[in-house]
Structures are given as C-alpha cells and as structure tokens.
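Comments concern the structure below.
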Amino acid sequence: MKIMLIGPSAAGKTTLIQRLIDEEIKYDKTQAVEYIGNFIDTPGEYMQQRGYWGSLTITSHDADIIGLVQDSSSEDCWFSGGLTSKFEKPVVGVITKIDKDDSNPKQARSYLELAGCTTIFEVSSYTGEGVEALSQGFHDMVNRYREENKSRYADDYFD
C-alpha cells in the first residue's frame with residue numbers, strides 16, 4: 001500500500017516520512033516525486049502552483065491513501081475547498097509542527113476541513129507526539145480499504 005503526502009513547501013512531509021520509517025531526521029528538500037518505501041513524497045511546489053496539480057492527480061493513481069499535510073505554524077492555506085473530491089482514494093489530513101511555539105492546530109484543522117478532510121491527525125515529527133496515532137490510523141485505513149476492496153485485487157496485492 002502506498003501513502004502519498006501532499007502539501008506546500010516546508011509543511012513537513014519529508015520529515016514526517018523520515019519519522020514514520022525510523023530514519024534519521026534531516027532536512028532534505030524534495031525536488032521531484034520520490035517513492036520512499038510505502039510513501040510517495042511530493043514537492044511542495046506541486047501544491048503551490050496550480051499548473052502542477054495535474055501531476056499530483058496523475059501521481060495519486062499510484063497511491064492507496066492520500067495525506068494532505070498542513071503546517072500548524074503557517075497562516076497560509078494552499079488547499080482549495082473540496083480538494084479531497086479530486087481524489088478517488090481515502091484522504092486524511094495531517095497537521096504538522098504542533099510542537100512549535102507559534103503552532104495553531106485549530107486554524108490548520110479548519111484549512112483541512114475546508115479541503116474536505118474528515119479524519120485529521122496532529123503530529124510533531126521531532127518530538128514524536130501523535131506519530132503513533134497517525135501510523136495506526138494509516139494501518140486502520142489500509143485494513144478497512146483492503147476489506148472493502150479485496151474482490152478487486154489479486155490475493156497478494158496488499159502484502
């Protein structure tokens with residue numbers, strides 16, 4: 001199963017992936033779509049420049065779950081209303097950087113809800129707060145998706 005993370009530059013997508021797969025956390029600017037284990041990491045510019053949205057849509061066909069990532073310390077909202085309807089996959093919201101002094105998870109949640117997210121997790125990739133709940137949430141979504149769609153896939157697809 002592949003999980004695709006979408007969000008603006010510096011939202012914390014790459015750092016979150018590093019945390020989820022137990023890699024050393026280090027700054028790494030994503031320049032192109034990267035497949036890292038079960039994750040698809042996307043450049044923030046793809047979200048920030050509408051001309052690249054087609055690339056996000058096409059890449060989303062490789063994913064089983066879409067994660068919209070919103071930096072809780074940013075006042076910018078890059079997600080349009082109803083964005084989740086663009087994807088034919090389950091979409092989850094992820095609020096990052098909740099450990100920062102200027103964090104505003106309530107505002108970040110409102111941005112993700114505007115986009116259409118009904119399931120939203122709050123995490124800090126640095127302290128680890130909320131990461132286990134997010135990981136479990138991904139597992140639960142995968143298991144639910146597997147059960148609901150098992151007749152559509154080969155027996156070993158989800159292995």
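Since this is a predicted model, take the numbers as computed values, not measurements.
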From CD (Glu75) to CG (Asp71), nearest 0.5 Å = 11.0 Å
What's in the same ILVMFWY side-chain cluster as Phe87, cut-off under 4.5 Å, chained through other members?
-> Met4, Ile6, Val33, Tyr35, Ile40, Tyr46, Met47, Tyr52, Trp53, Leu56, Ile66, Leu68, Trp78, Phe79, Leu83, Val91, Ile95, Ile98, Leu112, Ile120
Can you get from Leu20 to Ile36 by hopping between Ile, Leu, Val, Met, Phe, Trp and Tyr side chains that sit under 4.5 Å apart?
-> yes
What residues form a salt bridge (charged side-chain N to carboxylate O under 4.0 Å, His left out) with Glu113, not counting sequence neighbours?
-> none
Polar side-chain atom of Gln70 near backbone of Asp76 as donor-acceptor pair, under 3.5 Å | yes
How long is the span from the CZ atom in Phe138 to the CG atom in Asn38, to the nearest 0.5 Å?
-> 11.0 Å
Heavy-atom closest pair (Ser124 atom, Asp99 atom, distance to 0.1 Å) is OG-OD1, 2.9 Å
Could you tell me the separation between the OG1 atom of Thr42 and the CD atom of Glu34, rounded to the nearest 0.5 Å?
-> 10.0 Å
When rounded to the nearest 0.5 angstrom, what is the spacing between CZ in Arg109 and CZ in Phe121?
-> 10.0 Å
Within-4.5 Å side-chain heavy-atom neighbours: His139 and Ser135 | yes
Please round to the nearest 0.5 Å and tell me the distance separating atom NZ of Lys97 and atom OG1 of Thr15.
-> 7.5 Å
Residue pair Pro8 / Val69: nearest heavy atoms and the distance that separates them = CD-O, 3.7 Å
Would Leu134 and Ile21 show up in the same hydrophobic cluster when neighbours are defined by side-chain heavy atoms closer than 4.5 Å?
-> yes
Please tell me if the side chains of Lys13 and Thr30 come closer than 4.5 Å, counting only heavy atoms from C-beta onward.
-> no
Apply salt bridge (Lys or Arg N to Asp or Glu O under 4.0 Å) to Asp62 and Lys2, showing your working.
-> CA-CA 7 Å; Asp62 287 345; Lys2 295 279 187 212; over 6 Å; no
Do you know the tightest heavy-atom contact between Asp64 and Lys89?
-> O-CB, 3.8 Å
Looking only at heavy atoms, which two atoms of Lys86 and Thr57 are closest? And how far apart?
-> CE-OG1, 3.0 Å
Atom of Thr96, atom of Ser72 and distance for their closest heavy-atom approach | O-OG, 2.8 Å
Any side-chain heavy-atom pair from Arg144 and Glu147 closer than 4.5 angstrom?
-> no
Gap between atom CE of Met141 and atom CD of Glu148 - 0.5 Å precision = 10.0 Å
Is it the case that Gln136 and Asp140 place a side-chain donor and acceptor less than 3.5 Å from each other?
-> yes
Would you name the heavy atoms of Tyr111 and Ser74 that are closest together and state the gap between them?
-> CE1-O, 4.2 Å
Check the side chains of Gln48 and Ser9 for a donor-acceptor pair under 3.5 angstrom, ignoring hydrogens and angles.
-> yes
